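Structure first, then comments.
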Amino acid sequence: MADTKKIRVRIAPSPTGFPHIGTIYQALFNFAFAKKHKGKFIVRIEDTDRTRFVEGAENAIFQALDWFGLTEDESPRFVGDYGPYRQSERLDLYHKYAQVLIDEGHAEFVYYKKDEAGQKKDYSDGNNEKAQSVADSKPPKNVQEMVETENNDWIVRMIVPKDEKIEVDDQIRGKIEFNTNEVNPQVLLKSDGFPTYHLGVVVDDHLMEISHVLRAEEWLSSFPKHKLLYDYFGWEMPPVFHTATLRNPDKSKLSKRHGHTNVEWYRLEGFLPEAILNYLALLGWSHPEEKEVFSLDEFIDKFDLKDIRPIPPVFDVVKLMWMNGLYIRERLTLEELRDRLLNFYSTLREVESYINNDKVLELTKTRMETLGDFKKLVLWSPEETVDTALKAELRDGLEKISENDWNKDVIFGNFKKFMEEKNVKMPVLYAMFTGRKHGLPLPDFMAALGKKESIERLSL
RNA sequence: GGCGCCAUCGUCUAGUGGCCUAGGACACAGGGCUUUCAUCCCUGUAAUCAUGGGUUCGAAUCCCAUUGGCGUCACCA
């Protein structure tokens, strides 16, 4: 009998900053799995930490997903049957289930209070009687009362059995055994009435009928905690896949300090979203035919959860660069490239005429790794010192070429003569026209620009 | 430190007991093409499969230990 259960997967980003490349990595695998099985890809916003909340961060996540073509099926903006999709709007649910846990003896009220330094302080030492003896207030009768009390100092904490084996099954690594002594009694409901991640994720994944959980490896340690919660509720835990986390070159968790984690950086540099996705797909997974270059559709077609490897990959921007260049020169037509460039340089008017020049565009196509490279190729950028007198001579020589004869062969003939007479080499000419020793094939470039513009440029 | 995960060229990886004196890609080096720089093509350097023990006729592949790396131990996710 085939599994008729609907495939529903999710990512659960928190709106605490810029969209992270690691989130896109997670989104890619979840998205591919959902699409492959005609399931739903869901985005649930985990905004339970009000101290880290960043205005606009949620919207940035959606913009990033759209840019990559990983648009979700259900989320706060595409409300489905399982909403709300923001945890801050689901508080009553967490209160209800926290109460269930208390009623069944799996959670308890504990007294916490800030000390003079403003640090949170646990007065209970895991001993609830002691907590109550030092408390300034009586424990609330129930969750309802707790969340309605102002300046509440009580929290709801889960109760963890002592010295019991707890086995958990990671679909990528296999069975892992923990002792419950290693599971810390997690706070489930904070004093402000908001849930912690752990309560939220268990309740929501269950209520939203998430069928498979693909999440980052750093959650592996809290796996037994979640398993315990599922058991307490009497719910069946969906299969969980812990994917390896992206690493810095020094193997530490990919971070701002060592690498580029902000999706916006990649966009601003002129990376193509499809190239980034292709590169990301190669981390922790490999194409069955060992192909390196493939589309998102092909990835979806070939992707299988069984092929995900547990080894944490280093995110190599150099290889990403190569792949991006490859996409620009092999996967984009001239027209498509033009559209991308026009869009990328929408605020830089001075490159527009170059983008709209077919010949120039062709010349740049094999010389760009990112869209950001384009302006360096076509614009004057002074890096070399130029002999202005010599430059004027070159210009005067070129000026003598008639409008009709202005083509790359005649221009090059002129160059040859000039180089012989002045005893200079090509790089000198390049510097005079572009400011740099190297660049677009000069005769072709000048021919493409036309006599008038070329001469003008030499007059600068 | 406790607990957990991981371990093939610098990096991404192929490899699931014999086809491996370990294959591909990036990077790097050299060469070809060429009017600079690229693209493109060819060649090369690079892993005693972390180390040490087993199991087996046979191990990168299975088992154990060690070492190393990483993760996690919050009223953050």
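Scope of the values below: all heavy atoms of this structure, side chains included, with no hydrogens, waters or symmetry mates. The sequence lines fix the lettering, A, B, ..., with proteins before strands; numbering per chain opens at 1. Here the structure is a predicted model, which means the values were calculated and not measured.
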Is it true that the side chains of Glu74(A) and Tyr85(A) contain a donor and an acceptor less than 3.5 Å apart? yes
Taking rG71(B), rU13(B), rA27(B) as options, the one with an atom nearest any side-chain atom of Glu218(A) is rG71(B)
So, does Lys225(A) get its side chain near the phosphate of rC73(B), meaning an N or O under 4.0 Å from OP1 or OP2? no
Please determine if a side-chain N or O atom of Lys251(A) lies less than 4.0 Å away from the OP1 or OP2 oxygen of rU11(B). yes
If you find the nucleotide of RNA chain B closest to Glu369(A) and the one closest to Asp316(A), which residue's nucleotide is nearer the 5' end? Asp316(A)
Between Lys190(A) and rC76(B), is there a contact of a side-chain N or O with OP1 or OP2 at under 4.0 Å? yes
When the C1' atoms of rU8(B) and rG69(B) are compared, how many Å lie between them, rounded to an integer? 16 Å
note: Leu220(A), atom CG; rG69(B), atom P; distance rounded to Å ~ 20 Å
Using atom P of each nucleotide, how far apart are rG68(B) and rU51(B) to the nearest Å? 15 Å
Should the ring pair Tyr354(A) and Phe445(A) be called parallel, tilted or perpendicular, given that the plane angle runs from 0 to 90° and is split at 30 and 60? tilted
Please determine whether a side-chain nitrogen or oxygen atom of Arg309(A) lies at a distance below 4.0 Å from atom OP1 or OP2 of rA14(B). yes
Consider the side chain of Glu290(A), meaning its heavy atoms from C-beta on, and name the nucleotide among rG4(B), rU35(B), rG23(B) that approaches it most closely. rG23(B)
Hydrogens and angles aside, do Asp204(A) and Tyr94(A) bring a side-chain donor and acceptor to less than 3.5 Å of each other? yes
Would you state whether a donor and an acceptor, one from the side chain of Arg367(A) and one from the base of rC37(B), lie under 3.5 Å apart? yes
How is Ile155(A) classified with respect to the nucleic acid when contacts are heavy atoms under 4.0 Å: base, sugar-phosphate, or nothing? base
Answer with yes or no whether Ser14(A) presents, from its side chain, a donor or acceptor under 3.5 Å of a partner atom in the base of rA77(B). no
Determine the Euclidean distance between corresponding C1' atoms of rC57(B) and rU66(B); express it in Å to zero decimal places. 29 Å
May I ask you to verify if any side-chain N or O of Arg329(A) is less than 4.0 angstrom from the OP1 or OP2 atom of rC40(B)? yes
With a 4.0 Å cut-off on heavy atoms, is Gly325(A) in touch with a base, just the backbone sugar-phosphate, or nothing at all? nothing
For rC33(B), which nucleotide is its Watson-Crick or G-U wobble mate, given both distances must be under 3.5 Å? none
Which class fits the ring pair Trp219(A) and His226(A): parallel under 30°, tilted 30 to 60°, perpendicular over 60°? tilted
ring-ring contact (aromatic ring centres under 6.0 Å, His included) with Trp285(A): of Phe29(A), Phe294(A), Tyr25(A), only one passes, and it is Phe294(A)
What is the pairing partner of rC70(B), taking Watson-Crick or G-U wobble pairs with both distances under 3.5 Å in any strand? rG4(B)
If the plane angle is over 60° it's perpendicular, under 30° parallel, otherwise tilted; pick one for Trp265(A) and Phe271(A). tilted
Pairs: protein N or O with nucleotides 1-3 of chain B N or O, under 3.5 Å:
residue	atom	partner	partner atom	Å
rC3(B)	O2'	Glu182(A)	OE1	3.0

With a non-hydrogen cut-off below 4.0 angstrom, is Thr245(A) in contact with a base, only sugar-phosphate, or nothing? nothing
In whole Å, measure the gap between the P atoms of rU39(B) and rA25(B) for me. 15 Å
Flag for Asp307(A)-Ser286(A): side-chain donor and acceptor within less than 3.5 Å: no
Of all the nucleotides listed (rC76(B), rU35(B), rG71(B)), which has the minimum atom distance to the side chain of Lys408(A)? rU35(B)
Would you please classify the geometry between the Phe299(A) ring and the Phe303(A) ring as parallel, tilted or perpendicular, with 30° and 60° separating the classes? tilted
Between Thr51(A) and Arg173(A), whichever has its closest RNA chain B nucleotide further toward 5' is Arg173(A)
Please measure how far the P atom in rA46(B) lies from the corresponding atom in rG23(B), and state the result in whole Å. 12 Å
Would you call the rings of Tyr279(A) and Phe315(A) parallel, tilted or perpendicular if under 30° counts as parallel and over 60° as perpendicular? perpendicular
Contact class for Pro443(A) (heavy atom, under 4.0 Å): base, sugar-phosphate, or nothing? base
Using the rule for Phe, Tyr, His and the six-membered ring of Trp, do Tyr430(A) and rU36(B) stack at under 5.5 Å and under 30°? yes
Determine the contact category for Glu217(A): base if any of its heavy atoms lies under 4.0 Å from a base atom, sugar-phosphate if only primed atoms, P, OP1 or OP2 are that close, otherwise nothing. sugar-phosphate
Answer yes or no: is there a side-chain heavy-atom contact under 4.5 Å between Tyr430(A) and His438(A)? no
If you look at every strand shown and take non-hydrogen atoms under 4.0 Å, does Lys425(A) touch a base, only sugar-phosphate, or nothing? nothing
Applying a 4.0 Å non-hydrogen cut-off, can you work out what Arg436(A) is touching in the nucleic acid: base, sugar-phosphate, or nothing? nothing
Pair partner, rG10(B) [Watson-Crick or wobble, under 3.5 Å]: rC26(B)
Among rG71(B), rG4(B), rC6(B), the one nearest Pro312(A) by side-chain distance: rC6(B)
Going by distance alone, is a donor N or O of one side chain under 3.5 Å from an acceptor N or O of the other, for Asn324(A) and Thr370(A)? no
C1'-based separation of rU16(B) from rC63(B) [nearest Å]: 15 Å
Would you mind reading off the distance between Asn278(A) atom CG and rA25(B) atom C1', rounded to a whole angstrom? 12 Å
Among rC6(B), rC75(B), rC12(B), which nucleotide sits nearest the side chain of Val314(A)? rC12(B)
Which nucleotide, rU36(B), rG71(B), rC76(B), lies nearest any side-chain atom of Pro427(A)? rU36(B)
Is it the case that rA27(B) (base atoms only) and Lys319(A) (side chain only) share a donor and an acceptor within less than 3.5 Å, ignoring hydrogens and angles? no
rA46(B) pairs with which nucleotide, Watson-Crick or G-U wobble, both distances below 3.5 Å? none
Consider the side chain of Ile311(A), meaning its heavy atoms from C-beta on, and name the nucleotide among rC26(B), rU8(B), rC5(B) that approaches it most closely. rU8(B)
Side chain of Pro310(A): nearest nucleotide among rC75(B), rC6(B), rU13(B)? rC6(B)
Write down the distance separating the P atoms in rG24(B) and rA47(B), rounded off to the nearest Å. 14 Å
Measuring from the side chain of Tyr112(A) (C-beta onward, heavy atoms only), which nucleotide among rC75(B), rA77(B), rC26(B) has the closest atom? rC75(B)
With C1' as the reference atom in both, quote the distance from rG10(B) to rU45(B) in angstrom, rounded to an integer. 12 Å
Would you indicate what Leu442(A) reaches in the nucleic acid, counting non-hydrogen atoms under 4.0 angstrom: base, sugar-phosphate, or nothing? nothing
Can you tell me if Thr48(A) touches the phosphate of rA77(B), counting only side-chain N or O atoms and a distance under 4.0 Å to OP1 or OP2? yes
Ignoring the backbone of Ser286(A), work out which of rA14(B), rA27(B), rG71(B) is nearest its side chain. rA14(B)
Would you mind classifying the nucleic acid contact of Pro15(A) as base, sugar-phosphate or nothing, using non-hydrogen atoms under 4.0 angstrom? nothing
Between Asn30(A) and Val9(A) (side chain of the first, backbone of the second, donor and acceptor by atom type, cut-off under 3.5 Å), is there such a pair? no
So what's rU61(B) paired with, Watson-Crick or G-U wobble, going by both distances under 3.5 Å? none
Is the aromatic ring of Tyr197(A) within stacking range of rC76(B), meaning centres under 5.5 angstrom and planes under 30 degrees? no
